[in-house]
Structure formats: C-alpha cells, structure tokens
Amino acid sequence: MRLVTWNINSIRLRFPLLARVAEELKPDVICLQETKVTDDLFPTVECRALGFPYLGFHGMKGYNGVAILSKRPIDALRMPSWCERTDCRHLIAHIGNTEVHSVYVPAGGDIPDPDANPKFAHKLDFLRQLTAWYGATYTPDSRVVVAGDLNIAPLETDVWSHKQLLSVVSHTPIEVELLNAMQGSVPFVDALRHFIPPAERLFTWWSYRSPDWTKNDRGRRLDHVWVTPALKDSLRSAQVLRDARAWTQPSDHVPVLVELAD
DNA sequence: ATGGTTGATGGTCAA
C-alpha cells in the first residue's frame, strides 16, 4: 500500500495539484488535512474521477477539515472529537485489515505559553487527550497508520535551526515531550526516520512568509507518518515530495509518501 | 524584535 499524507490547505483551490500528486506518486490512500470545506461541498465526483472511489471526509467552514481518499474499499469511518470541540481534526478509515488515521494537530498560535495563549493550551490538551486515547485503545499488535500534520518538529534535524526555534511554537521542549509521549503510547514507529537517518535534515513545510522558500532552506518537519510495531516489518520506503513546494500556487506543506508491503 | 504571505471570507482570523 502506498500512502500519502498532505496538508493541502484548501482542497478546492488546490485540486489540480492533488491530481498531480495522485498521478506522480500513485498512492492507494491519501490522507489530507486542512481541506477547508464543508461536507456538502466536498469534491466527491472529482476525487472519484482521480481513481479514488472510496472517500471519507469531515470538514467545517473555512478551517481545518480532514479527508481520506482510497482506491481500496473503506469498511468503516470514525470521526473522534477532542477537547470537547467538533474541530474536524481526526478521521479514521478501516481499509482491509488496517486502520488509517488522518490527523491535524492544532497549530497552537504564536506564543508558547498555555496561560497566555489559549491556542497553545488547546494544542497541549489535544496532544494529551490523543496520547491517553491511543495508549488505551491500541496495542503493539494493532495494525494502525497515523498520518498527518502533527504541527511539531521533534528532532533537532527536523528544523532549520534547533537553537533559534527552541521558543518557537512547533519546536518547544514541552511540545516535543508531548509528541514523544504520544508516539510512545502504543508505541508507534516513525516511518520517515525509519528510512531517513535522524542525523539528516528533513523538512515537510516551508513558511509562506518568506519571499524565497529555498533561501537558507528554513523548513520544518511538521508532517508525520507513524505505524504500529505490527506494521514495522512491512515498511518498504518513505519519501518527501519536496519538489511540490515549488509548484504553482503551492501548499506550504508538501506530500509525504510511505510505502507498506501488503 | 519585527514582519513577512496565504486562504476563506466578506471583517478579520488562522496558520
């Protein structure tokens, strides 16, 4: 199974780029975040025309929104909600004998202080709740893929400057600690770092707020694919489609591909 | 330290 995760930042605006991702990466499953579309306006006909007959989506007006597009039958869909909100940040599809999760962790605002910044507090709470739930719901024998924009870059090599980003939301010690706790809850295997050495720099996001995203390569690895230990030996390859950041009218995130043996 | 850009929306808010 070839699985792509991508924060598309509006599926309607960037549908032509989604078609390009489908054509170039030939995924069997695509997990999307920030679809930014309500369910009644989701482009179901267009997705099916791309070769994905089986669709799950969970969206709201203007913000957030997750989706899973599949060439293989989706047997069941679930949409957990966290922090007593209906934020459309989590979608689960049962595909064959495996669960695929599309997750969009709150970005957390600009100030890395939960007392001063409710958005940061929400991000931390979201991570704590998800961690408790994953730990209580799954075991190492579960067949689960967690894919999405987790909005945290855990390793020093996941950011362009570890020192300069220590107090920047996405790379603060408290966030990294909570993300590591979430990964350890089952535990999950980091599929990207399974193939790409942790010593090597690896980014999946480059800010829009730079006139030239390639200048000094100031990126971060915010998008992740994790698998349960039961799937570890099935991992075949992983790839970040860095080129997609240079496409016309790009998302600030690029697609990440992980290939698993069936 | 600050500001920079993009998207949905229709004034700003979120990222």
Side-chain angles (χ1 to χ4, degrees), chain A residues 5-21 31-43 46 57-67 81-83 85-90 102-114 116-127 147-154 158-161 163-172 174-176 178-179 203-224 242-256:
Chain A
T5 183
W6 187 26
N7 180 324
I8 192 170
N9 189 13
S10 174
I11 188 173
R12 287 178 293 176
L13 183 68
R14 254 175 278 286
F15 196 85
L17 298 189
L18 180 63
R20 188 166 173 184
V21 168
C31 295
L32 298 173
Q33 302 85 39
E34 283 207 271
T35 52
K36 292 186 174 178
V37 63
T38 51
D39 293 346
D40 57 313
L41 295 176
F42 194 88
E46 293 85 347
F57 41 87
H58 185 216
M60 59 194 286
K61 189 172 180 175
Y63 305 111
N64 309 330
V66 284
S81 61
W82 306 103
C83 305
R85 300 179 185 220
T86 49
D87 257 358
C88 306
R89 294 179 177 275
H90 194 176
S102 183
V103 179
Y104 178 47
V105 171
D110 288 332
I111 304 165
D113 175 357
N117 174 11
K119 286 190 266 188
F120 194 70
H122 177 217
K123 183 178 196 176
L124 303 185
D125 284 344
F126 187 96
L127 292 164
D149 176 5
L150 305 185
N151 262 317
I152 297 171
D158 291 337
V159 292
W160 62 274
S161 168
K163 284 184 180 175
Q164 290 185 74
L165 288 175
L166 271 172
S167 59
V168 173
V169 171
S170 73
H171 192 61
T172 63
I174 179 67
E175 291 170 90
V176 171
L178 288 177
L179 189 73
F203 309 144
T204 65
W205 172 91
W206 293 262
S207 175
Y208 281 132
R209 302 180 193 181
S210 167
D212 179 5
W213 72 278
T214 62
K215 190 178 181 184
N216 301 322
D217 196 19
R218 294 191 167 188
R220 307 176 200 170
R221 184 170 74 112
L222 303 180
D223 302 275
H224 300 267
R242 183 185 168 99
D243 292 354
R245 189 61 180 79
W247 290 351
T248 301
Q249 202 169 32
S251 170
D252 44 355
H253 296 253
V254 297
V256 172

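Just so we're on the same page: letters track the sequence lines, and every chain starts at 1. Please read these numbers as outputs of a predicted model, since none were measured by experiment.
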(request) For A:Trp205 and B:dG4, give me the distance from atom CH2 to atom C1', rounded to whole Å. (result) 11 Å
(request) May I have the distance from A:Trp206 (atom CH2) to B:dG4 (atom C1'), rounded to whole angstrom? (result) 19 Å
(message) Without decimals, in angstroms, what is the distance between A:Ile111 CD1 and B:dC13 P?
(response) 15 Å
(request) Report the residues that fulfil ring-ring contact (aromatic ring centres under 6.0 Å, His included) with A:His171, sequence neighbours left out, ordered by chain and then residue number. (result) A:His162
(request) Kindly write out the residues that satisfy ring-ring contact (aromatic ring centres under 6.0 Å, His included) with A:Tyr104, not counting sequence neighbours, or none if the list is empty. (result) none
(request) Pick the P atom in B:dA15 and in B:dA1, then give their distance to the nearest Å. (result) 24 Å
(request) Please identify each residue that fulfils ring-ring contact (aromatic ring centres under 6.0 Å, His included) with A:Tyr63, with sequence neighbours left out. (result) none
Kindly give the atom pairs (protein nitrogen or oxygen, nucleotide nitrogen or oxygen) under 3.5 Å for nucleotides 5-8 of chain B.
{"unit_1": "B:dT5", "atom_1": "O4'", "unit_2": "A:Tyr208", "atom_2": "O", "d": "2.9"}
{"unit_1": "B:dG7", "atom_1": "OP1", "unit_2": "A:Arg14", "atom_2": "NH1", "d": "3.1"}
{"unit_1": "B:dG7", "atom_1": "OP1", "unit_2": "A:Arg14", "atom_2": "NH2", "d": "3.4"}
{"unit_1": "B:dA8", "atom_1": "OP1", "unit_2": "A:Ser10", "atom_2": "OG", "d": "2.0"}

(message) Please enumerate all residues that pass salt bridge (charged side-chain N to carboxylate O under 4.0 Å, His left out) together with A:Arg209, with sequence neighbours excluded.
(response) none
(message) In whole Å, measure the gap between the C1' atoms of B:dA14 and B:dG10 for me.
(response) 16 Å
(request) List for me each residue that meets salt bridge (charged side-chain N to carboxylate O under 4.0 Å, His left out) alongside A:Arg221, sequence neighbours excluded, and say none if there are none. (result) A:Asp158, A:Asp190
(message) Looking at A:Asp217, I'd like to know if its CG atom is crowded, meaning that more than 12 non-hydrogen atoms belonging to other residues, nucleotides or ligands lie closer than 6.0 Å.
(response) yes
(request) Write down the distance separating the P atoms in B:dT2 and B:dT6, rounded off to the nearest Å. (result) 23 Å
(request) Could you measure between the two C1' atoms, the one in B:dC13 and the one in B:dT9, and give it in whole Å? (result) 9 Å
(message) Could you tell me how far apart A:Asp149 (CG) and B:dA15 (P) are, to the nearest whole angstrom?
(response) 10 Å
(request) Grab the CD-P distance between A:Gln164 and B:dG3 for me, whole Å please. (result) 18 Å
(request) On the 0 to 90° scale, with breaks at 30° and 60°, tag the A:Trp213-A:Trp206 ring pair as parallel, tilted or perpendicular. (result) perpendicular
(message) In whole Å, I'd like the distance from the CG atom of A:Asp110 to the C1' atom of B:dG4.
(response) 12 Å
(message) Between C1' on B:dA15 and CD on A:Gln33, what's the gap in Å once rounded to a whole number?
(response) 14 Å
(message) Using a 4.0 Å heavy-atom cut-off, does A:Arg89 contact any base of the nucleic acid, only the sugar-phosphate backbone, or nothing at all?
(response) sugar-phosphate
(message) Distance check needed: B:dA14 P versus A:Tyr104 OH, whole Å only.
(response) 11 Å
